[in-house]
Each structure stands twice: as structure tokens, then as C-alpha cells.
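Remarks on the structure that follows.
No experiment lies behind these values; they were computed from the predicted model shown. Atoms within each ligand, like the ligands themselves, are counted from 1 in listed order.
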Amino acid sequence: MIADRKDDHVRHAVSQRRQHSGASDFDSVTFVHHALAGIDSQDVSLAVEFAGKSWETPLFVNAMTGGSPRTGEINRLLAIAARETGVPIASGSMSAYFRDPEVAGTYRVLRQENPHGFVMANVNATATVDQVHRAIDLLEADALQIHLNAVQEVVMPEGDRSFGSWPRQIEQIVAHSPVPVIVKEVGFGLSRQTVTWLREAGVAVADVGGRGGTNFARIENDRRSTADFGFLDSWGQSTPNCLLDCAGVAGIDIAASGGIRSPIDMARALALGAKATGVAGAFLEIVVGRDDAALVDTIRTWLGQLRQLLTVLGARSPADLAGCDLLLTDDVATFCGLRGIDVDSYAHRSSWWSESKSSRRSHP
Ligand code: FNR
């Protein structure tokens with residue numbers, strides 16, 4: 001039954017993308033253009049420090065799948081793309097492997113095809129310490145993702161209904177994991193309060209996993225015979241809003257995922273404080289619909305275009321984007337007003353003008 005569900009998720013996620021209007025809160029985040037702020041492309045490095053390691057790029061392939069022959073093949077294609085482009089990659093939830101070790105190969109392929117890459121195992125918040133060790137061992141994982149998906153579970157007829165133990169179990173996993181722990185939402189977002197709690201629990205990275213991309217309330221609702229959970233279609237906070245909400249929480253790395261459609265969305269997420277950006281649905285659609293090389297080409301194009309965006313914006317690194325001036329409008333500005341976030345300060349962050357004036361003074 002789990003294998004059927006995994007195949008269903010892929011099918012529904014891809015068809016949902018094809019129906020989506022394309023509107024996004026990311027469109028309410030705009031860079032102020034400063035025509036003399038640009039730098040030389042060769043001076044830009046896309047490298048970031050993330051989850052205790054150096055990554056060559058601020059992009060990763062986020063958790064999706066495994067557990068059936070078809071999803072094993074998808075994992076093989078995703079792993080090849082990760083290997084060829086050097087981007088880190090996460091496994092889908094490994095619950096199917098805990099129930100049936102015979103499906104191990106559909107996950108293990110992520111490491112077999114990508115022996116030197118950064119690979120993340122993925123479990124739910126009820127995984128035991130023993131299961132966590134088995135998941136990490138199978139993938140020789142560099143980090144562990146724990147996914148939070150209470151909204152998805154309640155819409156699934158066969159889903160979990162007990163979430164009260166999650167905080168205690170996350171603490172247990174953090175205490176016993178041999179690799180850094182990343183906690184992620186699956187598309188409904190992490191609030192400032194949740195991220196603060198995760199930091200106190202010793203979690204290394206919070207991936208905000210906000211609304212705006214793949215929508216598991218809709219996917220599970222479409223799988224129900226009664227489809228009566230449509231009222232949850234717009235549940236949760238969008239990814240830009242989550243990043244703004246969490247901006248003041250120090251001591252934990254923030255990752256952005258949920259609805260990242262393009263290099264400009266990556267740049268916007270990095271400018272809003274994310275250290276890295278994860279993409280799931282947009283990359284799934286490419287491996288499902290086209291040949292093996294298509295995703296490699298797309299990732300290379302995205303990274304090249306991200307570099308050009310940083311060049312124009314005068315950012316030598318992804319971290320420098322956090323100093324760029326941003327205009328926050330529409331629903332994003334409304335959210336900021338209600339959550340006590342100062343929209344004006346984002347529009348006046350850059351210092352390139354005063355820096356270039358002082359360098360002209362010192363080198364007449
Ligand atoms: C997912 N996602 C996911 N997340 C997770 O932590 N464990 C999982 O098993 C899965 N499974 C899964 C299957 C499929 C088909 C998709 C498309 C996605 C969620 C994923 O990692 C991500 O959080 C959301 O999809 C939002 O990002 P995008 O798709 O909008 O880029």
C-alpha cells in the first residue's frame with residue numbers, strides 16, 4: 001500500500017504543477033535595482049556553509065521519494081543529476097524501508113549513483129533512534145531530515161492522528177543522531193515560534209518548507225473518495241513569509257523550500273535570510289517528463305543564472321544578498337504588518353553607495 005501511495009504522490013504532484021496558476025508570494029518580493037552596484041562575475045562564489053559543511057552551491061534537491069520500483073527509478077535520475085551538478089540531495093521518507101527492507105535499493109540508489117555527494121536521509125518525527133541509525137547507514141548519509149507533515153496526515157484517511165509526542169521524539173533523535181539534523185515542513189511552513197523551539201532542541205537547520213509550491217493538502221484531498229478537505233487548500237504560511245517571520249532567530253541555519261520556481265526565487269529566498277534553497281516539484285516534473293540529461297541542464301542553467309543575478313546585485317556570495325534592498329508588497333507586506341516585521345528596513349539595507357563613496361575618497 002505504501003508503494004502505491006508513493007506512486008500516487010508523484011502522479012498528483014506532477015499534475016498539480018501543470019494546473020497551477022503560477023502566482024506566488026515570491027512575486028511580492030522585488031530587488032531595488034542600483035545600476036552601478038554590479039561587480040565582475042568572476043568575483044562571485046556560490047559556495048555556502050550549511051549543515052556543518054561547505055557546499056559549492058546554495059541549492060539542493062529536496063526530499064521526494066523511494067519505496068516502489070517506479071520511485072526507485074526516479075531516485076536514480078535525481079541522483080545522477082545531483083552527481084553531475086554537485087548539488088546535495090535528500091531521500092524521500094524512509095518509512096517504507098522500515099516496514100519492508102526489500103525496498104532498500106530504491107533509496108540506496110541515491111548513494112550508489114552519487115558516491116561522493118552530500119546525501120540526506122529522511123524520516124518522520126516518530127522514527128525511533130534505531131530507525132534513524134538504519135536510515136543513515138543505508139545512505140551513508142551526511143545529514144538527517146525530519147519532516148513535519150501533520151496537515152498532510154490529517155487529510156490522509158490512513159494518516160496519523162497523534163502528534164503530541166513529536167517534540168520529545170525530535171529531542172531524542174537530535175541527542176542520538178551521528179549527523180546534523182534538519183527539520184523541515186512539507187509545504188505549510190515553519191513559524192518563528194517553531195524555529196525558536198527547534199533551535200533550543202539543538203536542531204542544526206530549519207527548512208521552512210512553506211506554502212506556494214507542491215500542496216500536500218490538495219494531493220491527499222484528491223486521493224480521498226470524498227474530497228471534502230478542500231478548505232485546507234490555502235493552509236499555512238508562504239515561503240517568503242516564513243523567512244521574514246524567522247529572520248530574527250539566531251543560532252540555527254535557515255533553509256528555504258516550497259514553491260521555488262526559478263533562479264530569481266532562489267535569490268529572493270537567499271536575500272530573505274535562507275542559507276540554502278531546496279527544490280522538489282519543479283525538478284520532479286523535469287525527470288518525469290523528459291530524458292535523463294534534462295535535469296542536469298536545468299540545474300546548470302539555474303546556477304549560471306543565479307551567478308549573473310548576484311553579479312548585477314553586487315553580491316560576492318549568497319550571504320551578501322542579505323544586504324540587498326528589497327521591496328515587500330501585497331500579501332507579504334500585509335503578513336509583515338500583522339507579525340510586527342518592519343517592511344521599511346528591508347527597503348533600505350544596502351551600503352554599496354556609501355562604501356563606493358568612501359573608497360573613492362581613499363583612492364582619488
Ligand atoms: C515530497 N516531499 C516530501 N518531503 C519529505 O520530507 N518527505 C517525503 O517523503 C516527501 N515526499 C514528497 C513526494 C513528492 C512527490 C513531492 C513533490 C514532494 C515534500 C518536499 O520535500 C517539499 O517540502 C515540498 O514539495 C515543497 O517543495 P516544492 O515541491 O514546492 O519545491
Donor-acceptor check, side chain of [X] to backbone of [Y], threshold 3.5 angstrom: yes or no?
X	Y	answer
R111	E140	yes
R17	L284	no
D100	E102	yes
D325	S350	yes
R224	V155	yes
S177	V174	no
D222	A227	no

Is there a heavy atom of [X] sitting under 4.0 angstrom from any atom of ligand 1?
X	value
T65	no
H12	no
G259	yes
G209	no
F216	yes

Any N/O pair G281/ligand 1 closer than 3.5 Å: yes
Short N or O distance, Q145 and ligand 1, threshold 3.5 Å exclusive: no
Mark up the atoms of ligand 1 that fall under 4.0 Å of a heavy atom belonging to [X], in ascending order.
X	value
G92	9 (O)
E185	23 (O)
G213	30 (O)
L284	15 (C)
H9	15 (C)
N62	21 (O)

Starting from [atom], what is the nearest protein heavy atom, named by residue and atom, and what distance separates them?
atom	answer
atom 8 (C) of ligand 1	S93 N, 3.5 Å
atom 29 (O) of ligand 1	T214 OG1, 2.5 Å
atom 2 (N) of ligand 1	A63 O, 3.1 Å
atom 26 (C) of ligand 1	G258 CA, 3.7 Å
atom 24 (C) of ligand 1	V186 O, 3.6 Å

Pick from K184, K6, M64: the one approaching atom 11 (N) of ligand 1 most closely through a non-hydrogen atom: M64
NZ/NE/NH1/NH2 to OD/OE distance under 4.0 Å, [X] and [Y]:
X	Y	answer
R76	E73	yes
D265	R261	yes
R5	D8	no

Sub-6.0 Å ring centroid separation between F283 and W302: yes
Within reach of ligand 1, part of N122 (heavy-atom separation under 4.0 Å): side chain
Contact partition for A280 relative to ligand 1, non-hydrogen atoms under 4.0 Å: both
L309 with V29, same ILVMFWY side-chain cluster at under 4.5 Å: yes
Considering all heavy atoms, the nearest L46-P318 contact: O-CG, 3.6 Å
